[in-house]
Amino acid sequence: MKMMTFNVLNGGEDRFDRIRAIVAAERPDLLVFQECVGWEDGERLRAVAAAIGVPATGDHLVMGRANRRGSGRRYNVCLVSRPPILSHRVHAPSPMAHCLVEAEIAPAGDGPPLLVLGTHLVWTDERARLAEVDEILRLVPPAAVAERDCVLLGDLNALSRHDPHPADLGDRLAAAGIGKYGHPPRFDVMDRLEAAGWVDALRAAPRSPRWVTAPRERNGVRVDTRPDYVLVSRPLAARLAWADVVDTGTASDHHAVVAAVDRGREPAGKPADHTAAGPGAVPRLTSS
């Protein structure tokens, strides 16, 4: 089963055809989008489902209606699943800036259903994100992560201390005017999720050296970061085949993350036929 998370930046705007082409090339079985601004009518969600050969029906698609930002816009989180969705809920409590999509996905053969969480944590600061993590851990406590197949996909706006950051990361962030990670940079969000049993797929089973999903160049300073994750529970991590970063070029200011797991009778997802060029080039786009 191939899983993918992709922040499309402000709903995709006039880049939507490029976004759809990237998704069509990857053909994931499970796809979570962030920043689905203006997708409430379902047209774009149905279009991406069609691009990967998934029925555009309610048992395969979820529109996660997010809380409004101060601008009045909703940065929705959307889910597309090739296996039928058995049930779903959209959580948007006050601590969450956007929302959390929770879905139970039909099992492969006689296996257990897969619990899927898709989200987009707030960009502002680590303290606010930790409050959102508390909501996630309340919904799926460590005992559940230890016992069942779960996956958490999304733009967590958080840094992992295990990524190969340069020694002067803090100085680079400050010079680039990027304050959302703190000065010095904080890693509390990922530390807390990993302490709860979540496993970073890209760190556990990298298919390539690629790791950057949000390259930024501001004030003449280059900063490589990864706020985008596929996290799996320990039972699912035991069947993790590989994980990688997909270069999205100028389709978004975030690269996508993909991961494949063996869910019993299902073969682990195969890499796309196209060759990603790697996340070196800095797209001329920006978002949170």
Side-chain angles (χ1 to χ4, degrees), residues 5-10 32 34-35 66-67 69-71 75 77 95-100 117-137 152-196 198-204 206 209-231 243 245 247-248 252-257 278-288:
T5 180
F6 189 4
N7 182 325
V8 298
L9 179 60
N10 293 329
V32 174
Q34 301 86 46
E35 294 203 20
N67 293 319
R69 283 193 178 184
S71 64
Y75 284 66
V77 176
M96 303 208 74
H98 304 117
C99 69
L100 175 72
L117 304 175
T119 195
H120 182 187
L121 300 188
V122 67
W123 69 273
T124 52
D125 62 81
E126 199 81 344
R127 181 183 58 80
R129 288 187 289 272
L130 286 169
E132 295 178 309
V133 168
D134 286 344
E135 286 294 317
I136 294 172
L137 298 182
L152 169 60
L153 307 98
D155 176 358
L156 304 185
N157 269 310
L159 300 178
S160 169
R161 68 174 65 251
H162 305 292
D163 282 338
H165 299 292
D168 63 347
L169 174 64
D171 293 338
R172 287 173 178 265
L173 289 168
I178 299 173
K180 65 180 179 179
Y181 302 120
H183 298 303
R186 295 177 61 179
F187 304 96
D188 307 58
V189 164
M190 290 306 302
D191 286 350
R192 186 171 296 182
L193 287 169
E194 290 179 332
W198 289 100
V199 176
D200 180 354
L202 192 62
R203 183 164 66 93
R210 291 183 288 261
W211 67 277
V212 179
T213 64
R216 299 290 182 261
E217 188 165 340
R218 300 173 183 171
N219 302 329
V221 178
R222 165 73 181 239
V223 186
D224 287 336
T225 62
R226 176 172 67 111
D228 306 278
Y229 296 87
V230 175
L231 303 181
V245 172
D247 190 332
T248 64
S252 177
D253 66 340
H254 285 245
H255 299 307
V257 179
V282 181
R284 294 183 296 275
L285 299 166
T286 59
S287 83
S288 59

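Computed from a predicted structure; not experimentally measured. Just the heavy atoms: all of them, side chains too, but no hydrogens, waters or symmetry mates, feed the values below.
- Closest of all the heavy-atom pairs between Ala204 and Val199 is CB-CG1, 3.8 Å.
- A centroid separation of less than 6.0 Å is found between the aromatic rings of His165 and Trp211.
- Side-chain N or O atoms of Tyr181 include none that pairs as donor or acceptor with a backbone N or O of Thr225 at under 3.5 Å.
- Note: Glu35 CD to Asn10 CG = 5.5 Å, rounded to the nearest 0.5 Å.
- At least one donor-acceptor pair under 3.5 Å links the side chain of Ser252 to the backbone N or O of Asn7.
- A pairwise comparison of heavy atoms in Gly154 and Gln34 identifies CA-NE2, 3.4 Å as the closest pair.
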(request) Would you please test Val189 and Leu159 for side chain to side chain contact (heavy atoms under 4.5 Å, CB included) and show each step? (result) CA-CA 8 Å; Val189 164; Leu159 300 178; over 6 Å; no

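- Evaluation of the side chain to side chain contact (heavy atoms under 4.5 Å, CB included) rule for Ala196 yields Leu137, Pro142, Trp198 as partners, not counting sequence neighbours.
- Asn67 and Ala97 get closest at one heavy-atom pair: CB-O, 3.4 Å.
- A salt bridge links Glu194 to Arg203: at least one charged side-chain nitrogen sits closer than 4.0 Å to a carboxylate oxygen.
- Between the Tyr229 side chain and the Ala158 main chain, a donor and an acceptor come within less than 3.5 Å of each other.
- The side-chain heavy atoms of Asn157 and Val122, taken from C-beta on, include no pair separated by under 4.5 Å.
- The two residues Glu135 and Pro95 have their closest heavy-atom pair at OE2-CG, 3.8 Å.
- Considering only heavy atoms from C-beta on, Thr119 comes within 4.5 Å of Leu152 through its side chain.
- In this structure, the side chain of His254 does not engage the main chain of Ala214 through any donor-acceptor pair within 3.5 Å.
- Between the side chain of Asp155 and the backbone N or O of His120 there is no donor-acceptor pair closer than 3.5 Å.
- At a threshold of 4.0 Å, the pair Arg129-Glu132 does not count as salt-bridged, since none of the basic side-chain nitrogens sits closer than that to a carboxylate oxygen.
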(message) If you apply the rule side chain to side chain contact (heavy atoms under 4.5 Å, CB included), what do you find for Asp134 with Arg192, and how did you get there?
(response) CA-CA 9 Å; Asp134 286 344; Arg192 186 171 296 182; 2.8 Å; yes

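- With respect to Leu173, the side chain to side chain contact (heavy atoms under 4.5 Å, CB included) criterion is satisfied by exactly one of Lys180, His183, Arg218: His183.
- Checked against salt bridge (Lys or Arg N to Asp or Glu O under 4.0 Å), Asp171 has no partners two or more places apart in sequence or in another chain.
- Two residues are said to be in side-chain contact when any heavy atoms from C-beta on lie closer than 4.5 Å; Arg161 and Pro185 fail this criterion.
- To the nearest 0.5 Å, atom CG of residue Leu9 and atom CG of residue Asp253 are 4.5 Å apart.
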(message) Checking Val133 against Leu121 for the side chain to side chain contact (heavy atoms under 4.5 Å, CB included) test, could you report, in this order, the C-alpha distance in whole Å, the side-chain angles of both residues, the deciding distance, and whether it holds?
(response) CA-CA 8 Å; Val133 168; Leu121 300 188; 4.1 Å; yes

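- Under the 4.0 Å criterion applied to side-chain N and carboxylate O atoms, Asp188 and Arg127 are not assigned as salt-bridge partners.
- Nearest heavy atom pair, residue Pro215 against residue Asp224, reads CB-OD1, 3.8 Å.
- Among residues two or more places apart in sequence or in another chain, the salt bridge (Lys or Arg N to Asp or Glu O under 4.0 Å) test is passed with Asp200 by Arg226.
- The two residues Ala201 and Ala243 have their closest heavy-atom pair at O-CB, 3.5 Å.
- Between Leu202 and Thr213 the shortest side-chain heavy-atom distance does not fall below 4.5 Å.
- A salt bridge is absent between Arg186 and Asp191; no separation between the charged side-chain nitrogens and carboxylate oxygens falls under 4.0 Å.
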(request) Output, in order, the C-alpha distance, side-chain angles, deciding distance and verdict of side chain to side chain contact (heavy atoms under 4.5 Å, CB included) for Val223 and Leu169. (result) CA-CA 8 Å; Val223 186; Leu169 174 64; 4.1 Å; yes

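- Under a 3.5 Å cut-off, the side chain of Glu217 and the backbone N or O of Arg222 do not form any donor-acceptor pair.
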